[in-house]
Structures are given as C-alpha cells and as structure tokens.
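Structure, as structure tokens:
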Protein chains: 2
Amino acid sequence: MQVTDTVQDYLKTIYSIARAGDGVHTTVIADRLKVSPASVTSMIKRLSALGYLTYTRYQGVELTDSGTEIALEVIRHHRLLELYLHHSLGIPWDRVHDEAEVLEHAISEDLEDAIARILGDPTHDPHGDPIPPKSGVYLEVLHDTLEKAEPGPVRVERVSDRDPEVLRHLAKIGLQPGTEIVIERKDPYGGPVWVKVGKRRHAMGTELTTKVYVSKVER
Amino acid sequence: MQVTDTVQDYLKTIYSIARAGDGVHTTVIADRLKVSPASVTSMIKRLSALGYLTYTRYQGVELTDSGTEIALEVIRHHRLLELYLHHSLGIPWDRVHDEAEVLEHAISEDLEDAIARILGDPTHDPHGDPIPPKSGVYLEVLHDTLEKAEPGPVRVERVSDRDPEVLRHLAKIGLQPGTEIVIERKDPYGGPVWVKVGKRRHAMGTELTTKVYVSKVER
DNA sequence: ATCTAAGTTTAGACGCATCTAAATTTCCTG
DNA sequence: CAGGAAATTTAGATGCGTCTAAACTTAGAT
C-alpha cells in the first residue's frame, strides 16, 4: 500500500499530539482531523499493519521509527512552505497554515530542496516552530504556555499556527515569535493572564493563552 | 459531488485532446491518463451527469461551458506554476511539467493570484503555451507542427511539455520558444526534417517533430 | 454486404476512507 | 466496588476511482 495524503495527515497529527505530551487517543485524533472516532480506529488498524505505529486496543497509539520519519518529513514540508509563502510570496501569516496544509503533500523532494536552499536552510517557521532537518537529529524544545509560565519578562518562542483569527489578533497587538513581553500577574483560578506588549497591556483569555509558548528572560 | 483532482485531470485532458483537433474518444483519454478504457467510460458517465460534458455512447464526448471553465482554470494553474517554478525557483524546464502536474490541484485562488502578480501577469509559459486569463476571452492560436510547415525560416512558438527527454535535447541544441530556425528541406515520405538552429544543422526524427510548433517568418 | 478487428461499454469486483448505529471496554464517582 | 458515563471498537454501509473479463457496437476490408 502507498502512503496517501490521508496517511500522512494521520501520522503528522499523531506526532504533534504526542509532542504536546498528551496520550494519543482515538477521540483526540478524530477531533483534530475532523473525522469520526470510528474512522480513526479503522485507519489506525491499517497504519499499525503497515508498521507506522504500535496500537493497543482501547489504549492509544505510539509512532514507530518509520512512522515518525514520515511525520517529520511532512512537518518539514509544512513549515518550509509556511516560511516560503510568507517570505517569497507575501502571504499573510494567518493564511499560510491552510495553504501549507494542502501543498505539503504536493511538493517533491527536489522542490523541497530548492525551497530550503532559497530560504537559506532555515531552522524555524514564521510561527516559531522548528523545522525538522532533512536528516540527522531533531529535538524539539518544549516551552511553557503563557498560562503556566511565572510572572515576569519572557520571550515569545512559538505560537500555534492553527487559528487564523487568533493569529490576526496577535499580529495586531504586535506579539510574534521573538517578541519580549511581560507577564504581569496571574489569576490562580484560570482567569485571563495580563501581559505587557511594548507599552500596552492586554488581557489574554484562556482560550488564547494556551496557544502562546514562552521562555523566561534573564534581565 | 465535489470536483476532485481526478475530475480536474479528466477535464483538462479532454480539453487538450479536443484542442489538438482530434475527436475525443475513450481510448485516447485512457492512454493519456494511463487508466483502462473501462475506467474512462465510468468516469465519463459521472462527468456527464454533473453537466461537465455531453456524451453519446460510442461517439466520444464534448465539454460543456462549465466543463471548459474548470479545464481552463486547471490549465491556468499548470502553466503559471511551470513559469513560476522555472523563473523563481530555478527548476530546469524539463522538470517543471511533472511538478506542476501535482501542484496545479493544490494551490488556492489566492496563491494563484499572488504567483500571477509576481510574474507580471504573463501570457505564455516556458514551453510557449498560452496561459488562460483569470477571466475573459481565451483563444488559442493553432500553429503548424514542424512536419506540416513549409520549408523556410520559421519561429518556434510552442513545444510540447510532456516529454522531459525531448525537452533536454531541444534545450541542448538551443531550440526554445522564440528561437528562429530554418526548415531546410522536406522528405514527403515522413523522413526526418532537417532544420538549421543558429549555425548548426539537425535532423529531427518524426517522433520529435510532432512536438514542435512553428509559424512562418517574413523576411 | 458481410465479416472481422478495433474500439467501447457493461458487469462485477476491489481497496481506500469515510459514515452511523450498536456493542464493548474503561474509568470515574458515589 | 458497583454502576453508569465516556471512550472505543465493531458491524455494516456508502461513494470514489480503479480494475479485468465479457459483451456489444462501429467501421473497415475483401
């Protein structure tokens, strides 16, 4: 059997759920891919038979080395494309995700190489996500979410690329990967987190904060 | 039902067979798409039900306006992409066809527009094929093949993009759209056509000549 | 004009990716 | 620790796009 676009999507999604630290369960995959849980079970069985993941009924899945390899290849395509579309074609950063989602399955290895070369073999995409290298070791540093980080000055490392609306809002208030912001105070009961971006103060609702990842800055 | 990549491929292929002046019969479509004639018949029925073509059993098909519209949109994508890949990404002209074949289904209208703008709304792709406009009238000028043209000076207008090997050969001898060449003599019984490109003389076998389209040059 | 070869369509099947509804298992709560 | 809610899997079905083998139609040659 061949590796279809759909198979690539499953593997990529499973990889990214696992990276986030959560167990990889049927429902989560189903939610992300917008298919029914039953569809996920059926696909998981096929992926397992193909050796891309190990599967224990009712317990969730784990990617094998060959599954991870495919996932990283697709993710590399995705992130290179996001950067390319933004830099070379001027597509606004809140729209590059959806374009890349389709194109990631359509570019050849030659094209991938050409794009990487033109961009100067970049290490991060416009949302701060690291780009897996063509070959060799790949380690993703895990950053705290805005919610979990301690008050004080922090650097924005990464922003989830999945919600265009959130991205437009973040761009508007000047919050991008690389920006230094200050977490002002925290409400222990899950209320909004107040942050200072430049000279302005903003309330970040909980549905937003889970999408921004930061690291502590020493001053 | 939705317009899948496969549907787009059928409509595009049917358009281009019709343009070449041949009747559009099952076997021809099957050969081009590398599927069985039975598959073509079955797909044709669906396309007919969708209103993309008219179909008379055993007689061939003809695109409707809505079928033509989709075909031209895909062809526009294809040709813009060929040009873009060549100009902006430096992909050699004998490889852009295969890349574009996949990407043509993957780019959004926004991306199409961005590419067209960057290229300055071009009218022809690297093989000399005209690029259908986003909207408005589209007429393809039909040129003679090298075989059919009269001896004398001619301008290369178009070269079929389908065979990478032929393209590499043509590039090697310096024959591209825009080049002026001289047809030296003709063998009425289908032998090679001798042409002068620059100062060199070349024999073009019949399997080659059907792929080069020229127009007479007045001197 | 008939017969045959080539082209085309039908019949029936298969794999992929999905769905809904029903059955099963897990896990949490009282 | 028992019972029910939530998660998961099974069963069975569907549409797409393809195939092979067999039947049929068309057109060309004698």
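Keep in mind that what you see is a predicted model, and the values were worked out from it rather than measured. In the text below, chain A, chain B and the rest are named by the order of the sequence lines, each starting its count at 1.
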Shortest non-hydrogen pair, A/Leu83 vs A/His124, comes out as CD2-O, 3.6 Å

Categorize A/Thr26 for me: base, sugar-phosphate, or nothing, with a 4.0 angstrom heavy-atom threshold over every strand shown.
sugar-phosphate

Measure across B/Asp9 and B/His105 and return the closest heavy-atom pair with its distance rounded to 0.1 Å.
OD1-NE2, 2.9 Å

Tell me: NZ of B/Lys45 to C1' of C/dA11, nearest whole Å?
10 Å

Please give, in whole Å, the distance from D/dT18 P to B/Asp5 CG?
11 Å

From CD of A/Gln8 over to C1' of C/dA17, roughly how many Å is that when rounded to an integer?
15 Å

Check residues 50-63 of chain B and write down every donor-acceptor pair under 3.5 Å in which the side-chain atom is one partner and the other belongs to a residue at least two apart or another chain.
| residue | atom | partner | partner atom | Å |
| --- | --- | --- | --- | --- |
| B/Thr54 | OG1 | B/Glu62 | O | 3.4 |

At 4.0 Å (heavy atoms only), tell me whether A/Thr4 reaches a base, stays on the sugar-phosphate, or touches nothing.
sugar-phosphate

If I take atom CD1 in residue B/Ile29 and atom C1' in nucleotide C/dT9, what distance separates them, rounded to the nearest angstrom?
14 Å

Value in whole Å for how far the P atom of C/dT9 lies from CG of B/Leu47:
13 Å

Tabulate protein N/O versus nucleotide N/O from nucleotides 21-27 of chain C, keeping only pairs under 3.5 Å, one per line.
| residue | atom | partner | partner atom | Å |
| --- | --- | --- | --- | --- |
| C/dT25 | O4' | A/Tyr58 | OH | 3.3 |

Closest contact, heavy atoms only, A/Ser36 versus A/Ala30
C-CB, 3.9 Å

Respond yes when some side-chain nitrogen or oxygen of A/Thr6 is under 4.0 Å from OP1 or OP2 of C/dA17, and no when none is.
yes

Tell me whether the centres of the aromatic rings in B/His127 and B/Trp93 are closer together than 6.0 Å.
yes

Closest non-hydrogen atom pair between A/Asp113 and A/Lys134, with its separation
OD1-NZ, 3.0 Å

Ignoring backbone atoms, test whether B/Ser39 places a side-chain nitrogen or oxygen under 4.0 Å from the OP1 or OP2 oxygen of D/dG17.
no

Are OP1 or OP2 of C/dT9 and a side-chain N or O of B/Tyr55 less than 4.0 angstrom apart?
yes

Could you list all the salt bridge (Lys or Arg N to Asp or Glu O under 4.0 Å) pairs where at least one residue sits in residues 84-101 of chain A, not counting sequence neighbours?
A/Lys12-A/Glu101, A/Asp94-A/Arg168, A/Arg95-B/Asp110

A/Arg46 CZ to C/dG15 P, straight-line distance once rounded to whole Å
11 Å

